[in-house]
Engineer: 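Below is a structure I'd like to ask you about.
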Amino acid sequence: MLITFEGIDGAGKSTQITKLVSVMASKGIDVLTLREPGGTVTAEKIRMILLENSHNVSPIGELLLFSASRAELLQEVIIPALAAGKTVILDRFFDSTTAYQGYGRGIDLALLQSIIAISTCGIVPDITFYLDIQPEDALRRKFAKTSIPLDFEGDELDRMERSGIDFYRKVYAGYLTLIQQHPDRFITLNALETVETIHQHISTSLSERGAW
Ligand code: TYD
């Protein structure tokens, strides 16, 4: 089973993934957790190119690099794990590419779909949890600890995070479109609810779908 988590930066995906993994492990489920971009030596090198804020990357270059990282992770890790019967939990997958590079950067969606098809070998998640939060709230929450003002210029921000609030508004709208297009696969969660409440929704959805 392939479970993915999606949402804009600061939505709280990692907190929920950590909680879910410990619950699944306690049930004796063989679970593998990964995040994109990254997860293999090559993919981690690509991650550095994508996220370091010291240089520019063109929108098409960005699309191809995220896709190359994904292809590496699938071939080396995800496809073998799924074939071995493991449950794979993935922090971001191709929906991030549609939301960020498609709706956010404005890359043609048909072109993007064909590149996604090549990089994923047609693998689609069984279920996708989308943590819904307005960009302003998410970024404020994400940067509250470091008190970075929302001017998108702090050195602490990675290259993607420096894209600005208008970019994040487009990404957010893109996710909402994706959810409407794939109502059977997406489960939308209100990211402003408590960690425990969100976790309960996730557990219920997974148990209904036979994850345990
Ligand atoms: P990361 O630090 O992993 O952020 P997060 O914790 O929010 O997942 O950085 C990944 C960044 O890359 C994030 O800003 C989303 C972006 N991204 C894309 O733009 N396209 C993609 O296909 C993927 C996988 C991520």
Side-chain angles (χ1 to χ4, degrees), residues 2-19 33-40 42-53 55-74 77-78 88-107 109 111-120 123-125 128-135 137-146 148 150 152 154-175 178 189 191:
L2 177 59
I3 301 165
T4 59
F5 279 77
E6 292 285 349
I8 54 175
D9 306 55
K13 293 178 282 98
S14 10
T15 307
Q16 288 302 328
I17 290 173
T18 306
K19 211 165 162 55
T33 317
L34 301 158
R35 67 151 189 210
E36 278 205 5
T40 73
T42 307
E44 288 293 332
K45 288 189 175 173
I46 297 172
R47 178 183 175 89
M48 283 169 58
I49 299 172
L50 279 163
L51 297 185
E52 272 176 4
N53 62 22
H55 53 264
N56 294 325
V57 180
S58 69
I60 287 287
E62 189 177 280
L63 167 66
L64 294 173
L65 285 166
F66 276 115
S67 303
S69 162
R70 178 165 305 131
E72 294 303 306
L73 184 63
L74 272 152
V77 186
I78 297 179
V88 178
I89 298 180
L90 196 43
D91 186 346
R92 299 193 180 281
F93 194 33
F94 62 74
D95 294 312
S96 285
T97 306
T98 310
Y100 282 76
Q101 280 65 56
Y103 290 95
R105 300 282 192 227
I107 293 178
L109 292 174
L111 169 74
L112 191 127
Q113 283 313 318
S114 50
I115 290 173
I116 286 177
I118 294 167
S119 65
T120 59
I123 289 178
V124 176
T128 300
F129 292 107
Y130 169 67
L131 282 146
D132 185 56
I133 186 167
Q134 292 284 338
D137 292 337
L139 295 168
R140 211 171 284 122
R141 183 153 98 175
K142 181 162 174 131
F143 300 131
K145 292 183 208 107
T146 46
I148 295 168
L150 284 174
F152 295 95
D155 280 345
E156 300 84 347
L157 304 189
D158 69 37
R159 198 185 56 80
M160 293 304 296
E161 288 162 349
R162 287 173 157 230
S163 302
I165 193 71
D166 289 343
F167 172 75
Y168 277 100
R169 288 197 185 110
K170 288 187 215 161
V171 173
Y172 179 74
Y175 272 123
L178 274 172
L189 305 157

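Both counts, for ligands and for their atoms, begin at 1 and track the order of listing.
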Engineer: Which residue supplies the protein heavy atom nearest to atom 6 (O) of ligand 1, what is that atom called, and how far is it?
Structural biologist: Lys13 NZ, 4.0 Å
Engineer: If you have a sec, work out which protein heavy atom is nearest atom 22 (O) of ligand 1 and how many Å separate them, to one decimal?
Structural biologist: Thr97 OG1, 2.6 Å
Engineer: Gln134 vs Ile8, test: side-chain contact (heavy atoms from CB on, under 4.5 Å). Steps then yes/no.
Structural biologist: CA-CA 9 Å; Gln134 292 284 338; Ile8 54 175; over 6 Å; no
Engineer: Quick test of your reading of the structure: of Arg47, Arg92, Glu36, Met160, whose heavy atom lies closest to atom 15 (C) of ligand 1?
Structural biologist: Arg92
Engineer: Identify the protein heavy atom lying closest to atom 10 (C) of ligand 1, giving its residue, its atom name and the separation to 0.1 Å.
Structural biologist: Pro37 CD, 4.0 Å
Engineer: Got the closest protein heavy atom to atom 20 (N) of ligand 1, with its distance?
Structural biologist: Gln101 OE1, 2.7 Å
Engineer: Taking 4.0 angstrom as the limit, do Lys45 and Glu72 come out as a salt bridge?
Structural biologist: no
Engineer: Output yes when the distance from some N or O of ligand 1 to some N or O of Arg70 is under 3.5 Å, and no in every other case.
Structural biologist: yes
Engineer: Indicate yes or no: does an N/O atom of Arg35 lie under 3.5 Å from an N/O atom of ligand 1?
Structural biologist: no
Engineer: Indicate, as side chain, backbone, both or neither, the part of Glu62 found under 4.0 angstrom from ligand 1 when only non-hydrogen atoms are considered.
Structural biologist: neither
Engineer: Check Leu51 against ligand 1 and report side chain, backbone, both or neither, counting heavy atoms closer than 4.0 Å.
Structural biologist: side chain
Engineer: Step by step, work out the side-chain contact (heavy atoms from CB on, under 4.5 Å) result for Arg159 and Leu51.
Structural biologist: CA-CA 5 Å; Arg159 198 185 56 80; Leu51 297 185; 5.5 Å; no
Engineer: Would you call Glu62-Arg105 a salt bridge at under 4.0 Å N-O?
Structural biologist: yes
Engineer: Out of Phe66, Phe93, Phe167, Phe94, who gets a non-hydrogen atom closest to atom 21 (C) of ligand 1?
Structural biologist: Phe66
Engineer: Could you tell me whether Arg141 and Asp9 make a salt bridge, using a distance below 4.0 angstrom between a side-chain N and a carboxylate O?
Structural biologist: no
Engineer: Could you walk me through whether Tyr172 and Asp132 pass side chain to side chain donor-acceptor pair (under 3.5 Å), step by step?
Structural biologist: CA-CA 9 Å; Tyr172 179 74; Asp132 185 56; 3.1 Å; yes
Engineer: Show the numbers, then the answer: is there a side-chain contact (heavy atoms from CB on, under 4.5 Å) between Asp91 and Leu34?
Structural biologist: CA-CA 6 Å; Asp91 186 346; Leu34 301 158; over 6 Å; no
Engineer: State whether Glu36 and Arg70 are salt-bridged, where the test is any N-O pair (Lys NZ or Arg NE/NH1/NH2 against Asp/Glu carboxylate O) under 4.0 Å.
Structural biologist: yes
Engineer: Going by atom types only, do Asp95 and Tyr100 share a side-chain donor-acceptor pair under 3.5 Å?
Structural biologist: no
Engineer: With a 4.0 Å heavy-atom cut-off (strictly under), which part of Glu161 contacts ligand 1: side chain, backbone, both or neither?
Structural biologist: neither
Engineer: Any nitrogen or oxygen of Tyr168, main chain or side chain, under 3.5 Å from a nitrogen or oxygen of ligand 1?
Structural biologist: no
Engineer: Report the nearest protein non-hydrogen atom to atom 4 (O) of ligand 1: residue, atom name, distance rounded to 0.1 Å.
Structural biologist: Asp9 OD2, 4.0 Å
